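Read through the structure below, which is laid out as structure tokens, and then see the notes.
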Amino acid sequence: MQRNPELDQLAINAIRVLSMDAIQKANSGHPGKPMGSAPMAYTLWSGAMKHNPADPSWIDRDRFVLSAGHASMLLYSLLHLFGYDLTIDDLKAFRQWGSRTPGHPEFGHTDGVETTTGPLGQGVATAVGMAIAEAHLGARFNRPDHQIIDHYTYALAGDGCMMEGVAGEAASLAGTLKLGKLIVLYDDNGISIEGDTDTTFMEDVGKRFDAYGWQVLKVDDGNDTAAIANALSDAKADPDHPSLIIVKTTIAFGSPLAGSAKTHGAPLGAENVARTREALGWPLAEPFAVPDELTAYLKMQKEDLARLQEDWEEKYAAWRAAFPGLAAELDECYSGSLPDLENDPEFWAFDKAEATRNSSSKILNLLAGRLPNWIGGSADLAGSNLTELKGLGWMSPADYTGRNIHFGVREFAMTDIVNGLILHGGLRAFGATFLVFSDYLKPALRLSALMGLPAIFPLTHDSIGVGEDGPTHEPIEHLAALRATPNVCVWRPADGKETAAGYIQALSRKGPTVLALSRQTLPVLEGSGPIARKGGYVLKDAPDPKLILIATGSEVELAVKASDVLEQRGHAVRVVSMPSIEVFEEQDKAYKEQVLPPAIKARVAIEAGATMPWYRYVGTDGAVIGLDHFGASAPGPVLFEKFGLNVDCVVDIAEWVINK
């Protein structure tokens, strides 16, 4: 297609006008960045980026991540103009109830949105995950003269993204891994909500990224589309380094308020919208109107983009014919199907006492043998989390086929990268650290939950059993905080079989799962097994029970021992193991009442953590044994004894509840 510079400029201004019109109509939004970033975004989408609006799920498309998610109208305008399934009426409904154009982009809600963004910096980290996925899958499935996984990951970031530490964490790893197909466009407009960024942000970002191992390119004028195109070309020409393109822009370019922090997060106002139209030479006065000649021009571009996929389909067909075994494996990676793990005896073959982190290690490796797309690692803790996939190699710039990833001490970035691996498609991913460090990863876990990603997070050292490391490393409030996050499944298994049940459950969920795993040895419990997949079940029972002990993890063994003493004293006791409150609550009412009959009011819940989550089950007639204070430095068994997590304490409180 013959390019028309005048129509290209008209398209850039269309992005600006549609963005300010939608924000003005909603009386809410961020017009400044879409107006300043429009030239670089259009240059990318119309020339450098490989995508097909007719098929947003094409596996070899380039990925585009709007890390500066508050500029959502930039993305929505692009999606509409290039012919994705987003109408003018959708733009008119910006930020309204039930619309497909929410205030920040949401994955799964709007075609063409690759990931949920808005919390600044996380888009950059997620893009790193997507780039790792491309490198890994390409290394595994491409062959000479058959490059069927061969695409770029682009992110558009702003000053706020560069201030957030998570972007730096991820950028450091991207440089280490030499992810040459990762390109970040940095809209450097020098403005944040509070004003000029010089008040808080005087560093040389280019030098920082150069130190990370990135190629750094600069465009001094954000309206110079030729310079932007050249920078994108130069970025692609360097296969050994990710690229940062620093583009100096003017926030709200074209408006009377250009350069003002007032345009960051507020509509321009009707008068300024009219004056902007005039300044840009926009030919139409009616809001949301796009000139017919531009619509026709962009339709031709859409047809050209579709041909990119048609060309790829020919290459893909030739690859499939030449390598049918690889093709079958790739199909399996993308199918989303799972083998029948519940009926696989190896997943339940636990016959000796061990820490659930050890049980987790066995399951991780069994899964690696059954799922060709199983990949992950730890935040520099593989030896403690026991997460290495044996014999499957470590990912490095020399060999991207490794299915173990060294994330480094970067819990936050690790979690966003896990999200990116899954969002890319073709991979199932996990990321591990200590449970106490879930504080570092939770903002990215929240996005996992919001997007419904089946990410899995084995978090070990789950209680005061950590012992001598002391209160800084002993999780107390963490289980409660994680359980409070919508769509996060927390699984705290009591033995190897419950650990297996947790992984099997996690793989089939629409949302992330945290497995809270012990460092201390736990016995194999009689009665555990596949029934644990219900989240809560009767582990040990008595005829006509009058008391229910509910416990998780290492405290299930404690509950069983206490029940033995109570029975010797004439009390009929039921022990319920509840590895997952969330999964238990998903069961039907009949099952839940079968496990926890409403008529049995005497109940005691036991967990070595904050007591808050358990009052829903014990009510005003029961009691909770836990920790609502920090731990201490001493051997783990000593701490359990000193803090009342012992048989005598459980028995005393249980009898008090019975006799109330």
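Small disclaimer: the values here were computed from a predicted structure and weren't measured.
For the side-chain contact (heavy atoms from CB on, under 4.5 Å) criterion with Thr263, the lone passing option out of Asn189, Ile251, Ile191 is Ile251.
With a 6.0 Å radius and a threshold of 12 heavy atoms from other residues, nucleotides or ligands, Glu203 has its CD atom above the threshold. Crowding of Lys315 atom NZ: a count of heavy atoms from other residues, nucleotides or ligands under 6.0 Å not exceeding 12. Taking a 6.0 Å sphere around CG of Asp311, one finds it holds more than 12 heavy atoms contributed by other residues, nucleotides or ligands. Other residues, nucleotides and ligands contribute more than 12 heavy atoms inside 6.0 Å of the NZ atom of Lys236. Counting non-hydrogen atoms of neighbouring residues, nucleotides and ligands closer than 6.0 angstrom, the CE atom of Met202 reaches no more than 12 such neighbours. Residue Asp145 places its CG atom among 12 or fewer non-hydrogen atoms of other residues, nucleotides or ligands, all under 6.0 Å distant. Residue Glu278 places its CD atom among 12 or fewer non-hydrogen atoms of other residues, nucleotides or ligands, all under 6.0 Å distant.
The nearest pair of heavy atoms linking Met35 to Ser255 is CE-CB, 4.1 Å. Arg277 and Val17 make their closest contact through NH2-CG1, 3.6 Å (heavy atoms, listed as atom of the first residue, atom of the second, distance). Summarising the geometry of Ser192 relative to Thr197, their closest heavy-atom pair is N-CG2, 3.9 Å, with the distance given to 0.1 Å. Nearest heavy atoms, Lys302 versus Gly83: NZ-O, 3.1 Å. Nearest heavy atom pair, residue Pro39 against residue Ile228, reads C-CD1, 4.2 Å. The two residues Ser378 and Asn385 make their nearest non-hydrogen contact at OG-OD1, 3.1 Å.
Checking side-chain atoms of Thr199 against main-chain N and O of Asp196 turns up a donor-acceptor pair under 3.5 Å. Under a 3.5 Å cut-off, the side chain of Arg61 and the backbone N or O of Asn52 do not form any donor-acceptor pair. For Lys50 (side chain) and Asp60 (main-chain N/O), a donor-acceptor pair under 3.5 Å exists by modelled atom type. Judged by distance alone, the side chain of Tyr297 and the main-chain N or O of Asp8 form no donor-acceptor pair under 3.5 Å. Judged purely by atom type and a 3.5 angstrom limit, Thr415 has no side-chain atom pairing as donor or acceptor with the backbone of Leu445. Looking only at distances, no side-chain donor or acceptor of Trp214 sits under 3.5 Å from a matching main-chain atom of His241. Side-chain N or O atoms of Asp62 include one that pairs as donor or acceptor with a backbone N or O of Tyr152 at under 3.5 Å. With Glu411 contributing its side chain and Tyr440 its backbone, the two residues share no donor-acceptor pair below 3.5 Å. With Lys442 contributing its side chain and Thr485 its backbone, the two residues share no donor-acceptor pair below 3.5 Å. Without hydrogens or angle criteria, Thr116 side chain to Phe107 main chain gives a donor-acceptor distance under 3.5 Å.
Residues forming a salt bridge (Lys or Arg N to Asp or Glu O under 4.0 Å) with Asp85 (at least two apart in sequence, or on another chain): Arg100. Residues passing the salt bridge (Lys or Arg N to Asp or Glu O under 4.0 Å) test with Arg307 are Asp304, sequence neighbours excluded. Asp159 pairs by the salt bridge (Lys or Arg N to Asp or Glu O under 4.0 Å) definition with nothing, not counting sequence neighbours.
Going from atom CE of Met40 over to atom CG of Leu74 covers 9.0 Å, rounded to the nearest 0.5 Å. In this structure, Met451 CE and Thr126 OG1 are separated by 6.0 Å, a value rounded to the nearest 0.5 Å. Between Asn142 atom CG and Ile148 atom CD1 the span is 5.5 Å, to the nearest 0.5 Å. Note: Thr115 OG1 to Leu447 CG = 7.0 Å, rounded to the nearest 0.5 Å. How far CG of Leu389 is from CD1 of Ile375: 8.5 Å, rounded to the nearest 0.5 Å. Summarising the geometry, atom OG1 belonging to Thr153 is positioned 6.5 Å from atom CD belonging to Glu134; distances are rounded to the nearest 0.5 Å.
Side-chain contact annotation: Asp90 with Thr87, donor-acceptor N/O pair under 3.5 Å present. Counting only N and O atoms by type, the side chains of Asp55 and Ser57 include a donor and acceptor under 3.5 Å apart. Tyr334 and Asn373 are not linked by any side-chain donor-acceptor pair at a separation below 3.5 angstrom, with hydrogens and angles left out of the test.
A salt bridge links Asp150 with Lys181: the distance from a Lys NZ or Arg NE/NH1/NH2 to an Asp or Glu carboxylate oxygen falls below 4.0 Å. Checked for salt-bridge contact, Asp220 and Lys248 miss the test: no charged N lies under 4.0 Å from a carboxylate O.
Within the 4.5 Å cutoff, no side-chain heavy atoms of Leu156 are placed close to those of Tyr186. In this structure the side chain of Thr101 never reaches within 4.5 angstrom of the side chain of Ser72, judged on heavy atoms. At least one side-chain heavy atom of Phe457 sits less than 4.5 Å from a side-chain heavy atom of Val418.
Using cut-offs of 30° and 60° on the angle between ring planes, the pair Tyr212 and Phe209 is perpendicular. In this structure, Phe141 and Trp319 have perpendicular ring planes: the angle between them is above 60°, well past the 30° mark. Note: His51 and Trp45 have perpendicular aromatic rings, judged against thresholds of 30 and 60 degrees for the angle between ring planes.
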